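Just follow the structure's listing: the first ligand is 1, and inside any ligand the first atom is 1. All of these numbers come straight from a predicted model, not from anything done at the bench.
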Amino acid sequence: MKNVNPKDRSINVGLLGLGVVGSGVLKALTQKSALITKQVGCAVHITRILVKDQDKPRAVEVPKGLLTTDPSHILEDPQVHIVVEAMGGEMPALDYLRKALQEGKSVVTANKEVMAKHGPELLELANKNCVQLLFEASVGGGIPILGPLTKDLRGNEITAIRAIINGTTNYILTKMTYENMEFDEALKEAQELGYAEADPTNDVEGIDAGYKLAILASLAFQTKVAAKDVYREGISRLAARDFRYARELGYVIKLMAIARSEGGQLEARVHPVLIPKEAPLAKVDGVLNAVEVEGDLVGRVLFHGPGAGSMPTTSAVVGNVLEAASNIARELPSSSLITLDRVMTLRSISDLVTRYYIRVTVSDQAGVLAQMAAILGNLQISIASVMQKEADHRDQTAELVITTHPSREKDVQQALKELEKLEMVREIGNFLRVEE
Ligand code: NAP
Ligand code: HSE
């Protein structure tokens, strides 16, 4: 821990990045300086800001001389006590965080990619150097969730996390649910509104949600879950008709991040699911996020709110800065409450047992259903309901929507392969898991 200069009693922050999040942090720390001084016990100043392009117009007023393009002006400056990283991306952010921790600076980061891929290494480095590494903003933007998981809910054995942790996809799915839009149209609207990026891959393929789930699951189950451990499917294969059929069955479709522990095994997955329309998570719409935590003492608690955006994310970053600054000001030892030493085996998606929704286009003729039922029956997949939809008379095809009772994923995958080979099956339209 770096000692605060007792003469000026000021804690100095070096900010890496002055984009959406960095600008909010600069604004909040400047505008709230009197309140912050009162809370921390001394002033907290941003003394340097690293950017790529010093000449770029900024969303906030930047005091003269603060901007730099040389990371050593922050990372190697002994007067900087806290480094706030709001740059994003894996590199060079990871190198900068390592360097800051090695230099004995506390670190606050909003970077989910770095934390999901390298969290354990960085936490170890922070412990070794007796400094703090805080990352509340990396999951759920403004929603306080990592703090509660590591502090307030610590007395619980967490059994499950179910979360909607990507605002862009939740916006797209909300449009598909209530406005009958197709995926491409909803994505275009999300891009026009600035929710989705020009290259939307990270959001729509579930990569961003996968990073966040890896962080949540690591803290909740006190084990090391890396981004690569999370099974992942995106939302681009969903069609407007899936939303209509889901509604008829009493469900909505959401991109959910689910982590569950059972008998020492852990499952961690991100994919679209059907959830009952009366479930609390089904009502989380638009760009909002929500995380439901299930613990043995508390039961189920839902954390709900803005999962992104400049000021909500700033709220989480500033909260962490105040925590780190207060510790430094009080010269408290910075021991972490995070332990990731529990040994758990990851459960493969093929061992998942859940209910399924299967949409198939078939030739509209006698005997089709019997042949399909035989395939499912032979694999011990019990049918819960069958709806025949939207027959196309010119094509002589019909669409069947089948839901199953709880079945094993590997059997369902095998059934899909066998169904596809049937002459009367024109296309497997979609297949979705149901989360009750
Ligand atoms: P952003 O608007 O793209 O800003 C990134 C900033 O970092 C820019 O100021 C950029 O400099 C600077 N930067 C990037 N690479 C750099 C490099 N190699 N050297 C020096 N400066 C560099 O990003 P953001 O939306 O604020 O996101 C920042 C982080 O917060 C990311 O990890 C993101 O995942 C996380 N986050 C964002 C949100 C959100 O709502 N935006 C929510 C939660 C978490 P220039 O300005 O000169 O280009
Ligand atoms: N791209 C993210 C989302 C925002 O859509 O939720 C930052 O986490």
Under 4.0 Å from a heavy atom of [X]: which atoms of ligand 1 are those, numbered in the order shown and with their elements?
X: Gly17; result: 6 (C), 7 (O), 9 (O), 12 (C)
X: Ala308; result: 40 (O)
X: Ala86; result: 5 (C), 6 (C), 7 (O), 28 (C)
X: Ala137; result: 43 (C), 44 (C)
X: Leu18; result: 6 (C), 8 (C), 9 (O)
X: Pro92; result: 18 (N)
X: Lys112; result: 34 (O)
X: Leu50; result: 20 (C)

Can you tell me if [X] and [Y] form a side-chain donor-acceptor pair at under 3.5 Å?
X: Ser326; Y: Gln39; answer: no
X: Thr68; Y: Asp70; answer: no
X: Glu197; Y: Asn202; answer: no
X: Thr109; Y: Glu85; answer: yes

In the protein, which heavy atom is nearest to [atom], and how far is it?
atom: atom 26 (O) of ligand 1; value: Val21 N, 2.8 Å
atom: atom 40 (O) of ligand 1; value: Gly309 N, 2.7 Å
atom: atom 1 (N) of ligand 2; value: Asp203 OD1, 3.0 Å
atom: atom 13 (N) of ligand 1; value: Met87 CG, 4.1 Å
atom: atom 31 (C) of ligand 1; value: Gly88 CA, 3.4 Å
atom: atom 15 (N) of ligand 1; value: Lys52 CE, 3.7 Å
atom: atom 25 (O) of ligand 1; value: Val20 CB, 3.5 Å

Measuring only between side-chain heavy atoms, which start at C-beta, is [X] closer than 4.5 Å to [Y]?
X: Thr159; Y: Asp296; answer: no
X: Arg58; Y: Ser23; answer: no
X: Arg300; Y: Arg162; answer: yes

Which option wins on minimum heavy-atom distance to [atom]: [options]?
atom: atom 3 (C) of ligand 2; options: Val20, Asn166, Ile165, Ile164; value: Asn166
atom: atom 43 (C) of ligand 1; options: Leu16, Thr314, Thr313; value: Thr313
atom: atom 47 (O) of ligand 1; options: Asp70, Ile49, Asp53; value: Asp53
atom: atom 44 (C) of ligand 1; options: Gly140, Ala110, Ala316; value: Ala110

(message) With the threshold set at under 4.0 angstrom, would you say Arg58 reaches ligand 1 through any of its heavy atoms?
(response) yes
(request) Using non-hydrogen atoms of the residue, decide whether Lys212 is closer than 4.0 angstrom to ligand 2. (result) yes
(message) Just to be sure I read this right, does ligand 1 sit under 4.0 Å from the backbone of Lys56, its side chain, both, or neither, counting only heavy atoms?
(response) side chain
(request) Select one of side chain, backbone, both or neither to describe which atoms of Pro312 lie under 4.0 Å from any atom of ligand 1, heavy atoms only. (result) neither
(message) Is there a polar contact, in the sense of an N or O pair closer than 3.5 Å, between Tyr195 and ligand 2?
(response) no
(request) Give yes or no for whether the N/O distance cutoff of 3.5 Å, strictly under, is met between Ala308 and ligand 2. (result) no
(message) Within ligand 2, which atoms have a heavy atom of Lys112 less than 4.0 Å away?
(response) 7 (C), 8 (O)
(request) Could you list which atoms of ligand 2 come closer than 4.0 Å to a heavy atom of Gly167? (result) 3 (C), 5 (O), 6 (O)
Ionic contact status for [Y] with [X], cut-off 4.0 Å:
X: Glu399; Y: Arg359; value: yes
X: Glu157; Y: Arg342; value: yes
X: Glu267; Y: Arg269; value: yes
X: Lys188; Y: Asp184; value: no
X: Lys151; Y: Glu323; value: yes

(message) Please report the interatomic distance OG(Ser218) to CG(Leu123), rounded to the nearest 0.5 Å.
(response) 9.0 Å
(request) Find the distance between CG (Leu416) and CD (Glu409) and round it off to the nearest 0.5 Å. (result) 8.5 Å
(message) Under 4.0 Å, heavy-atom basis, I'd like to know which part of Asn289 is in contact with ligand 2: side chain, backbone, both or neither.
(response) neither
(request) Taking all heavy atoms of Val401 and all of Lys389, pick out the closest pair and write down the distance. (result) CG2-CG, 4.0 Å
(request) Quick one: closest heavy-atom pair of Lys254 and Ala282, and the distance? (result) CE-O, 3.7 Å
(request) Determine, stepwise, if the pair Glu233 / Arg433 fulfils salt bridge (Lys or Arg N to Asp or Glu O under 4.0 Å). (result) CA-CA 11 Å; Glu233 286 172 20; Arg433 302 170 188 90; 2.9 Å; yes
(message) I'd like to know if atom 3 (O) of ligand 1 has any protein heavy atom within a distance of less than 4.0 Å.
(response) no
